[in-house]
Amino acid sequence: MNTSEMITRLLREHGRTYADEAGITLRDKPAPLYQLLVLTVLCSIRIRAGTATAAARELFTAGLRTPRAMAESSWQERVDALGRAHYVRYDESTATALGEGAELLLDRFDGDLRNVRDQAEGDAGRLRELLREVPRIGPVGADIFCREAQAVWPELRPYFDERCLTTAAELGLPHTPAGLARHVPPKDLARFATALVRCSLSKNPETSKRAGS
């Protein structure tokens, strides 16, 4: 199988982004960007990605789609939504983190992640630093957000984190961001990055449970 055929197969079998799985129609608008941040928080612990996306859907179904709605919800409302998705063990601490993160975003960035983007001034490293100020988001979470956000923030492209590059090398694909980006159109870079992560998870289902671990 040549490189083009392998990438086509990866996109076909594993190319659904986590945002799409969580029911997020990702656009460069405050609400969907915040929903991606919520998903990132949920994925930032060692829990199955499917459980995290299900928890995101429950929170959004409960109306918690904006930082204002999240901040004004009760802690118990958030715990209950997470519980309906069987997001167990971490439901209480995550409910706290979501509330605190919403307050931080409202206080510092007027509830709009585009202001975080502006403050980063096109520097992906700086953006990752700012994202890590959100409770629960560490280096892995920052990578998850950037991988998905490149679909609507072109200045992040091509964003392939270390996990993507390691998987690409194992598959015999180019293993630099620029090398991988040469093989897909810009609009498919987020899907390609996700496909590499999902491929890695499919090979190591027990040791690599979360979307970016």
Side-chain angles (χ1 to χ4, degrees), residues 1-28 32-33 35-58 60 85-87 124-125 127-128 131 137-213:
M1 186 182 301
N2 63 34
T3 296
S4 178
E5 291 170 338
M6 183 173 293
I7 291 173
T8 298
R9 180 176 177 180
L10 280 169
L11 289 170
R12 182 179 66 248
E13 296 182 358
H14 301 292
R16 187 184 187 189
T17 65
Y18 289 106
D20 182 65
E21 186 177 338
I24 302 167
T25 302
L26 195 56
R27 294 173 295 151
D28 188 23
L33 288 169
Q35 290 159 26
L36 176 59
L37 187 75
V38 169
L39 176 61
T40 299
V41 170
L42 296 171
C43 287
S44 291
I45 59 170
R46 187 163 291 278
I47 196 165
R48 291 190 180 278
T51 302
T53 55
R57 291 195 302 270
E58 287 291 346
F60 304 152
H86 308 290
Y87 193 94
L127 177 62
R128 293 176 79 257
L131 290 169
I137 295 180
V140 169
D143 281 336
I144 292 169
F145 184 92
C146 291
R147 277 200 323 252
E148 300 264 338
Q150 69 179 315
V152 293
W153 286 357
E155 70 272 18
L156 289 175
R157 301 172 186 162
Y159 197 96
F160 294 94
D161 58 28
E162 196 60 37
R163 177 169 200 156
C164 294
L165 299 179
T166 298
T167 303
E170 291 171 351
L171 294 172
L173 295 173
H175 47 281
T176 66
L180 290 169
R182 283 197 293 269
H183 293 278
V184 298
K187 67 180 181 64
D188 285 336
L189 285 169
R191 292 182 59 232
F192 189 16
T194 301
L196 289 167
V197 171
R198 288 187 185 273
C199 180
S200 175
L201 288 169
S202 71
K203 293 188 297 182
N204 301 285
E206 295 304 320
T207 59
S208 302
K209 293 183 178 180
R210 60 182 173 175
S213 62

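Each residue takes its place number in the sequence, starting with 1.
Seen from the ring of Y18, R198 counts as a face-on cation partner, given the 6.0 Å and 45° thresholds.
Separating the CG atom in D161 from the SG atom in C164 is a distance of 4.0 Å, to the nearest 0.5 Å. Distance check, rounded to the nearest 0.5 Å: CG of L171 to CE of M1 gives 10.0 Å. Distance NE2/H183 to CG/L189: 12.0 Å, rounded to 0.5 Å. Distance check: I137 CD1 to R128 CZ gives 11.0 Å after rounding to the nearest 0.5 Å. Once rounded to the nearest 0.5 Å, the distance linking CZ of F145 with CG of L37 reads 6.0 Å. The structure places NE2 of H175 at 10.0 Å from CD of E162, a figure rounded to the nearest 0.5 Å.
Without hydrogens or angle criteria, E148 side chain to A19 main chain gives a donor-acceptor distance under 3.5 Å. Here the side chain of R157 pairs a donor or acceptor atom with the backbone of A151 at under 3.5 angstrom. A donor-acceptor contact shorter than 3.5 Å is absent between the side chain of E21 and the backbone of T53. The backbone N or O of G15 sits less than 3.5 Å from a side-chain atom of R191, completing a donor-acceptor pair.
The 12-atom threshold is exceeded at NE2 of H14, counting heavy atoms of other residues, nucleotides or ligands nearer than 6.0 Å. Counted within 6.0 Å of CZ on R16, heavy atoms from surrounding residues, nucleotides or ligands total more than 12; the atom is thus considered enclosed.
Of all the heavy atoms in S200 and T167, the pair that sits closest is CB-OG1, 3.3 Å. Counting all heavy atoms, side chain and backbone alike, L33 lies closest to V152 at CD2-CG2, 4.2 Å. Nearest heavy atom pair, residue T51 against residue A85, reads CG2-O, 3.7 Å. Across all non-hydrogen atoms, the minimal contact from F160 to A181 is CE1-N, 4.3 Å. Pairing each heavy atom of L42 with each of A52, the nearest pair is CD1-O, 3.6 Å. Of all heavy-atom pairs between L26 and P32, the closest is CD1-O, 3.8 Å.
A heavy-atom distance below 4.5 Å is found between the side chains of L196 and L180. By the 4.5 Å heavy-atom criterion applied to side chains, T40 and L131 are not counted as neighbours. By the 4.5 Å heavy-atom criterion applied to side chains, L165 and P177 are counted as neighbours. Residues L10 and L173 form a side-chain contact, since some pair of their non-hydrogen atoms from C-beta on lies under 4.5 Å apart.
When the side-chain hydrogen bond (donor to acceptor under 3.5 Å, both in side chains) test is applied to R27, no partner is found at least two apart in sequence or on another chain. The side-chain hydrogen bond (donor to acceptor under 3.5 Å, both in side chains) check on D28 picks up R117, W153, with sequence neighbours excluded. Annotation: ring pair (Phe, Tyr, Trp, His ring centres under 6.0 Å) contacts of Y87 (sequence neighbours excluded): none.
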(message) Set out, in order, the CA-CA distance, both residues' side-chain angles and the distance that settles side-chain contact (heavy atoms from CB on, under 4.5 Å) for L127 and L156, then state yes or no.
(response) CA-CA 10 Å; L127 177 62; L156 289 175; 3.8 Å; yes
